[in-house]
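Heavy atoms only: backbone and side chains are in, while hydrogens, waters and symmetry mates are out. These figures come from a predicted structure and were not determined experimentally.
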Amino acid sequence: MVATRSYFGAAILIVAAVAVASWSWHARRGEPAAAREARAAVAAGRYDDASAALARWAAAAAPDDPEALVIEGRILIARGAVVEASEALKKAIARGVPGPGPALLRALIAAKTGRSAEAVPALHREFAEGRGPDRQVDESLAKVYLEAFDLGRATAVLDRWARDFPDDPKPYLWRAEAHARDGGAPGAVLHDYQEALDRDPKLARARLGLADALRQAHRSTEAAAAYDAYLAAEPNDASAHFGAGRNLLDQGDEEAAIRHLTRASELDPGNAEPLKELAEAAQRHGDWPGALALLDRATALAPNDVPVRYTRGVVLARLGRTEEARAEQAAAGRLRDDLKSLNAARSRLVADPHDRDSQLAIARWMFDHAHEDEGARWAGRILDERPGDSEASRLLADYHERRGETGLANFHRLQATPEAAR
């Protein structure tokens with residue numbers, strides 16, 4: 001009897017698959033060419049072409065074709081129009097669009113709005129079934145994996161994206177940035193930045209990334225040329241001035257380095273890094289009061305920066321302010337221990353991207369060290385994967401209360417109760 005039921009169930013699945021394939025073939029056999037053009041243009045990431053084809057599709061035959069709503073939604077989400085894309089999805093569902101289109105559009109919207117747990121299943125299914133190259137699917141799935149520190153899966157998606165669209169610089173750019181963030185091999189980082197630039201020589205992020213990677217690889221002469229070329233085109237980029245300044249320090253040209261570091265601080269006054277480098281230069285010249293003034297500004301901007309606090313303690317000691325120096329050194333030690341715990345959590349997360357304890361440790365660290373918005377994103381990611389998680393809900397409740405968002409705070413506080421968790 002069990003075998004009969006299994007055979008019968010399998011037969012139903014086969015008939016259903018044949019029916020879907022038959023519907024798809026018959027439905028598309030008489031469709032206008034513009035429909036095929038719109039579908040192909042969206043998959044290739046040519047959204048202006050897709051929009052023009054969509055208009056021709058509507059004019060030619062089917063202004064109310066429900067599948068056109070899915071294409072329209074994909075164009076809208078690519079342009080960042082989340083609300084409008086969501087409306088197109090609602091209309092598509094109401095009209096009963098067959099096939100995987102609505103589920104894919106829902107996943108693309110979820111990926112765009114940071115709801116990774118909702119996005120991954122449909123995106124992964126579309127990616128794995130390989131109905132044909134689809135730039136939007138590749139990009140959205142890579143983004144979700146990168147945000148979750150799932151670098152292994154992200155790299156696999158980026159590799160296929162690069163194969164599917166060999167002229168696209170973005171997968172190489174993202175891969176280089178992922179490896180640079182994870183401490184990957186310098187040669188691989190340099191290779192990916194160069195590949196991105198070979199495809200788009202004007203890509204600013206890749207040009208600056210290449211200069212930084214050359215500096216980190218101790219190829220200072222090449223790095224200097226890369227920074228000079230970049231700054232010739234982007235003279236007001238604070239990050240480039242900072243990188244150029246550090247590279248000149250490596251080359252021993254302190255005078256030129258100070259000019260770049262000072263300019264970096266002027267362009268980005270909220271960044272403590274140039275002030276830290278300028279303070280070290282002041283120390284080398286024995287200007288301890290000047291160094292302390294710079295470090296005071298840096299500490300106000302980055303109170304959790306270990307090197308800033310440690311160096312400030314050293315300078316206070318040189319100025320004879322012993323008690324303050326001891327307090328600063330103790331604070332630097334506590335921050336160093338905190339940073340070790342953060343790095344350990346990140347390492348665990350690379351090995352297991354869904355490790356709830358590591359995600360929670362990172363969220364708490366962000367909240368405790370003045371990175372509130374980043375902490376909220378991590379807590380939201382936990383709730384995305386585990387709705388009702390009491391600790392993540394409590395963190396978000398406190399976050400929204402500090403921001404004066406009483407409604408959201410109350411909502412998350414209710415979710416943090418044992419009753420809500422059950």
Peer 1: Are the charged groups of R56 and E37 less than 4.0 angstrom apart, N to O?
Peer 2: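 Answer for the salt bridge query: yes.
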Peer 1: Assert yes or no for the condition that the ring centre distance of W174 to W161 is strictly below 6.0 Å.
Peer 2: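 Yes - the distance between ring centres of W174 and W161 falls below the 6.0 Å cut-off.
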Peer 1: Tell me whether E372 is salt-bridged to R402, with the criterion being a basic N under 4.0 Å from an acidic carboxylate O.
Peer 2: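 Salt bridge: yes.
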Peer 1: Run the side-chain hydrogen bond (donor to acceptor under 3.5 Å, both in side chains) test on Q216 and D212 for me, step by step, so that the C-alpha distance in whole Å, both residues' side-chain angles and the decisive distance to 0.1 Å come before the verdict.
Peer 2: CA-CA 6 Å; Q216 290 159 10; D212 288 338; 5.6 Å; no
Peer 1: Ion pair present between E280 and K276, side-chain N to carboxylate O less than 4.0 angstrom?
Peer 2: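 Salt bridge between E280 and K276, a charged N being under 4.0 Å from a carboxylate O: no.
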Peer 1: Under the criterion side chain to side chain contact (heavy atoms under 4.5 Å, CB included), I'd like the reasoning laid out for D268 against F242: C-alpha separation, chi angles, the key distance, then a yes or no.
Peer 2: CA-CA 10 Å; D268 186 7; F242 176 68; over 6 Å; no
Peer 1: Can you tell whether the side chains of R205 and E177 come within less than 4.0 Å, N to carboxylate O?
Peer 2: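 A salt bridge links R205 with E177.
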Peer 1: Say whether, by atom type as modelled, one donor and one acceptor occur between the side chain of R207 and the main chain of A229 under 3.5 angstrom.
Peer 2: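 Yes, because the side chain of R207 sits within donor-acceptor range (under 3.5 Å) of the backbone of A229.
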Peer 1: CZ/R199 to CG/L173 distance, rounded to the nearest 0.5 angstrom?
Peer 2: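 Between atom CZ of R199 and atom CG of L173 there are 12.0 Å.
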Peer 1: Treating R309 as the side-chain partner and P303 as the backbone partner, does any N or O pair qualify as donor plus acceptor under 3.5 Å?
Peer 2: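 At least one qualifying donor-acceptor pair exists.
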Peer 1: From L231 CG over to H260 NE2, what is the distance, rounded to the nearest 0.5 angstrom?
Peer 2: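 Answer for the CG-NE2 pair, L231 versus H260, is 6.5 Å.
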Peer 1: Answer yes or no: is there a donor N or O on one side and an acceptor on the other, between the side chain of Q329 and the main chain of Y310, under 3.5 Å?
Peer 2: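 Yes, Q329 side chain to Y310 backbone: donor-acceptor pair under 3.5 Å.
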Peer 1: Donor-acceptor pair, distance only, cut-off 3.5 Å: does the side chain of R219 make one with the backbone of A213?
Peer 2: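 No; judged by distance alone, with no hydrogens or angles, the pair does not exist.
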Peer 1: Does R356 pair with D389 as a salt bridge, N-O distance under 4.0 Å?
Peer 2: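 Salt bridge: yes.
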Peer 1: Taking the basic N atoms (NZ, or NE/NH1/NH2) and the acidic carboxylate oxygens, is any pair closer than 4.0 Å for D168 and R135?
Peer 2: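 So D168 pairs with R135 through a salt bridge.
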Peer 1: Any donor and acceptor pair, going by atom type alone, linking the side chain of S265 with main-chain N or O of T262 inside 3.5 Å?
Peer 2: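 A pair under 3.5 Å: no.
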Peer 1: Is any NZ, NE, NH1 or NH2 atom of the basic residue among R153 and D150 found under 4.0 Å from an Asp or Glu carboxylate oxygen of the other?
Peer 2: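 D150 and R153: salt-bridged.
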Peer 1: State whether R312 and D296 are salt-bridged, where the test is any N-O pair (Lys NZ or Arg NE/NH1/NH2 against Asp/Glu carboxylate O) under 4.0 Å.
Peer 2: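 Judged by the 4.0 Å cut-off on N to carboxylate O distance, R312 and D296 do form a salt bridge.
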Peer 1: Determine, stepwise, if the pair I258 / E277 fulfils side chain to side chain contact (heavy atoms under 4.5 Å, CB included).
Peer 2: CA-CA 9 Å; I258 287 173; E277 296 290 342; over 6 Å; no
Peer 1: Using the side-chain hydrogen bond (donor to acceptor under 3.5 Å, both in side chains) rule, take Y227 and N247 through it: C-alpha gap first, then chi angles, then the decisive distance, then the call.
Peer 2: CA-CA 9 Å; Y227 283 122; N247 191 63; over 6 Å; no
Peer 1: Who pairs with E323 by side-chain contact (heavy atoms from CB on, under 4.5 Å), at least two apart in sequence or on another chain?
Peer 2: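 Once residues adjacent in sequence are excluded, the partners of E323 under the side-chain contact (heavy atoms from CB on, under 4.5 Å) criterion are R326.
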Peer 1: Taking the side chain from Q136 and the backbone from A43, do they hold a donor-acceptor pair closer than 3.5 Å?
Peer 2: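 Side chain of Q136 to backbone of A43, a donor-acceptor pair under 3.5 Å: no, none is there.
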Peer 1: Determine, for Y47 and R79, whether the Lys NZ or Arg CZ falls below 6.0 Å from the six-membered ring centre while staying within 45 degrees of the axis.
Peer 2: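 No, R79 does not lie over the aromatic ring of Y47.
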Peer 1: Once you round to the nearest 0.5 Å, how far does NE2 of H241 lie from CG of L261?
Peer 2: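 Those atoms lie 10.5 Å apart.
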Peer 1: To the nearest 0.5 Å, how far apart are CG in L316 and CZ in R321?
Peer 2: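 Result: 5.0 Å between the selected atoms.
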Peer 1: Run the side-chain contact (heavy atoms from CB on, under 4.5 Å) test against R334 and tell me which residues pass, sequence neighbours left out.
Peer 2: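 In terms of side-chain contact (heavy atoms from CB on, under 4.5 Å), with neighbours along the sequence ignored, R334 is linked to A330, A331.
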Peer 1: What I want to find out is whether R413 reaches E401 closely enough, with some N-O distance under 4.0 Å, to be called a salt bridge.
Peer 2: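 Judged by the 4.0 Å cut-off on N to carboxylate O distance, R413 and E401 do form a salt bridge.
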Peer 1: Identify whether the distance between the nearest side-chain nitrogen and carboxylate oxygen of R160 and D164 falls below 4.0 Å.
Peer 2: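 Looking at R160 and D164, the cut-off is met.
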Peer 1: Taking 4.0 angstrom as the limit, do E273 and R246 come out as a salt bridge?
Peer 2: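 Result for this pair is no, no salt bridge flagged.
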Peer 1: Nearest 0.5 angstrom please: L69 CG to K90 NZ, how far?
Peer 2: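 It is 13.5 Å, given to the nearest 0.5 Å.
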Peer 1: Would D373 and R403 pass as an ion pair if we require N to O under 4.0 Å?
Peer 2: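 R403 and D373: salt-bridged.
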Peer 1: Whether the side chain of D253 engages the backbone of L248 through a donor-acceptor N/O pair (distance < 3.5 Å, no angle test) should be reported.
Peer 2: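 Here the side-chain-to-backbone pair does not exist.
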Peer 1: Is any side-chain N of the basic residue among E195 and R175 closer than 4.0 Å to the acidic one's carboxylate O?
Peer 2: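 Not counted as a salt bridge, because no side-chain N and carboxylate O are separated by less than 4.0 Å.
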